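Throughout, a chain's letter reflects where its sequence line sits, starting with A, and its residues are numbered from 1. All heavy atoms count here, side chains included; hydrogens, waters and symmetry mates do not. Quick caveat: nothing in here was measured; it's all calculated off a predicted structure.
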Amino acid sequence: MIELRNISKNYPNGVGALYDINLHIGKEEFVFIVGPSGAGKTTLMKLLYRDEVPTTGSVIVDKINIAGLEQQQVPYLRRNIGVVFQDYKLLPRKTVYENVAFALQVTGCPRSQIRRKTMQALELVSMLRSAKQFPAQLSGGEKQRACIARALVNNPPILLADEPTGNLDPATSWEILQLLDKINKRNTTLLVATHNKSIVDGMKKRVIAMESGRIIRDQQLGVYSGNL
Amino acid sequence: MVEAFTSFRRSGLMSMITVGIITISLTIFGFFLLLVLNTGNIIGEISAKMDVSVYIQKNLSDSEIAAFRSQLVSLPGVEKVTFVPKNEAWRDFKEKFAARFSLDDVVEDNPLPNTFSLEIRSTDLVEKTARMAKQVDGVDDVRYSGSYLENTKILVDAMRIGGFIFVLLLTFATLLIVVNTIRLTVLARETEISIMRLVGATNSFIRGPFIIEGILIGVLGGAFAILILKFSYDAIAARILSALPFLPVVVDKKQLSTIYIMVSALGMFLGMLGGYISVSKLLKEK
Ligand SMILES: Nc1ncnc2c1ncn2[C@@H]1O[C@H](COP(=O)(O)OP(=O)(O)O)[C@@H](O)[C@H]1O
Ligand SMILES: [Mg+2]
């Protein structure tokens, strides 16, 4: 599903963020990317939805090298990749329902399908009750659920979550991870970047550990820290 | 479409400010168009009056008129001779000024002379023709518009070119203002645009509502500008006409509405262009 070959990434200002990355992630896998802040987790995610292009190497998503994708093709790639952020990025002046439906509207989805798909996504994340509320009225966990619903409303085969629990308390973080696990079991490839140790250790998934732009460990049923 | 209207309503204050600024720029633009139109008209009128007036005090019989006419026509450069009898001139004069005061109380007799108006083919000949006309028997006085006539052609050309360049510069300045004000409304929605891109909206889809909003703002600004221009111009024109009746202020509906249409078309076009340029700048940044 996802393959990174000989990736390196230098930002225009000369900062090197990734070195010599080779990685294969299969269909419907659940993968944690862990490491201290500045390790390159966000940069790696950005390569996958073409928010950044690698300096060298190829990024293959669903058999296509998206590093060489034409600019006009990028929107169609994005419709197949859902992205979830630490800061949610919800539009404050739209309700939860409108925020989720927005992702369908702007891709030109037929009106008749918008309502049905939006309701399905909200139901999946247990947010039907809060559909008419504005982001400011929601708890952190609820905001993250709304953000996940928006990422999923197009039924993308891949979901990327960058520090999804960064602003949440441990109990809520755990709930969000349960939700992501449920989504993964519904045939979605899942990548979660985090430095939340207890969650990673609790979930027992594949763990890719990064440090200073390099992969230092890649382990099935792994834990956060490597000295096992 | 719906999206554009909704956003227009939601970002009410910002849009109002933008409309206000565009209204002001378009009003200034329209004001200068009107100024150019009027100056052109006045100069046109002056240059059309390259004529020599020949005054004859005494009353003339029909045969005397014919004799004068044939003598004047034979002068060099004369293209046309028009006879204005003194009674007619007096009546016209009184009509023109009747609104202000009644002349009959002040002047009892017609003080105006009989006038032959000579149209001269070329400015160079005006002086010479005037001199020769003065020598004709029975002519009391000859007047012509003086030496500034020679410069009118240059002046007309200078006005036309200057006015054109000025309007061009003004259009460009207005465009800059419009682009920058619409850019404010676009920047205010930067997050929205970044999310649109994130969830896979195409660039043309993202541009659409902003272009429509730009047109909306431009048309509104244009409409307000026209209202302001029309009312103030009508008021000013009426004032000038009553104070200086001989000044050829343009009141022709057709010419004026051409200007108003130009102003609103410019508003719409600038709004559209402004919307397009502002979003494109933002889209290119990433
Ligand atoms: N837009 C950018 N421009 C320049 N340097 C950046 C940019 N984004 C990240 N970096 C740098 O790249 C490195 C990796 O950052 P990042 O991928 O955000 O790491 P993480 O998400 O693991 O904290 C850091 O040194 C960071 O300062
Ligand atoms: Mg990060």
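Note that CD of B:E192 and NZ of A:K94 are 5.5 Å apart. Values are rounded to the nearest 0.5 Å. Interatomic distance, A:L90 CG to B:T191 OG1, rounded to the nearest 0.5 Å: 11.5 Å. Remark: A:R78 CZ to B:M196 CE distance equals 13.0 Å, nearest 0.5 Å. Atom CD of residue A:Q71 and atom OG1 of residue B:T202 lie 12.0 Å apart, to the nearest 0.5 angstrom. Distance CD1/B:I195 to CZ/A:F85: 8.5 Å, rounded to 0.5 Å.
Heavy-atom contacts from other residues, nucleotides or ligands closer than 6.0 Å to CE of A:M203 number more than 12. In A:Y11, the OH atom is crowded: over 12 heavy atoms of neighbouring residues, nucleotides or ligands sit closer than 6.0 Å. The neighbour count for A:E123 CD, taken as heavy atoms of other residues, nucleotides or ligands under 6.0 Å away, does not exceed 12. Within a 6.0 Å sphere centred on CZ of A:R186, other residues, nucleotides and ligands contribute 12 heavy atoms or fewer. Within 6.0 Å of atom NZ in A:K117, more than 12 heavy atoms from other residues, nucleotides or ligands are found, so the atom counts as buried in its surroundings. Other residues, nucleotides and ligands contribute over 12 non-hydrogen atoms within 6.0 Å of the NZ atom of A:K182.
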Residues B:I206, A:V106; criterion side-chain contact (heavy atoms from CB on, under 4.5 Å); working and verdict: CA-CA 8 Å; B:I206 296 173; A:V106 302; over 6 Å; no
Give the intermediate values and the outcome of side-chain contact (heavy atoms from CB on, under 4.5 Å) for residues A:T107 and B:F205. CA-CA 8 Å; A:T107 52; B:F205 189 96; over 6 Å; no
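The candidate with the highest count of non-hydrogen atom pairs below 4.5 Å against chain B, out of A:R50, A:R79, A:R150, A:Q72, is A:R79.
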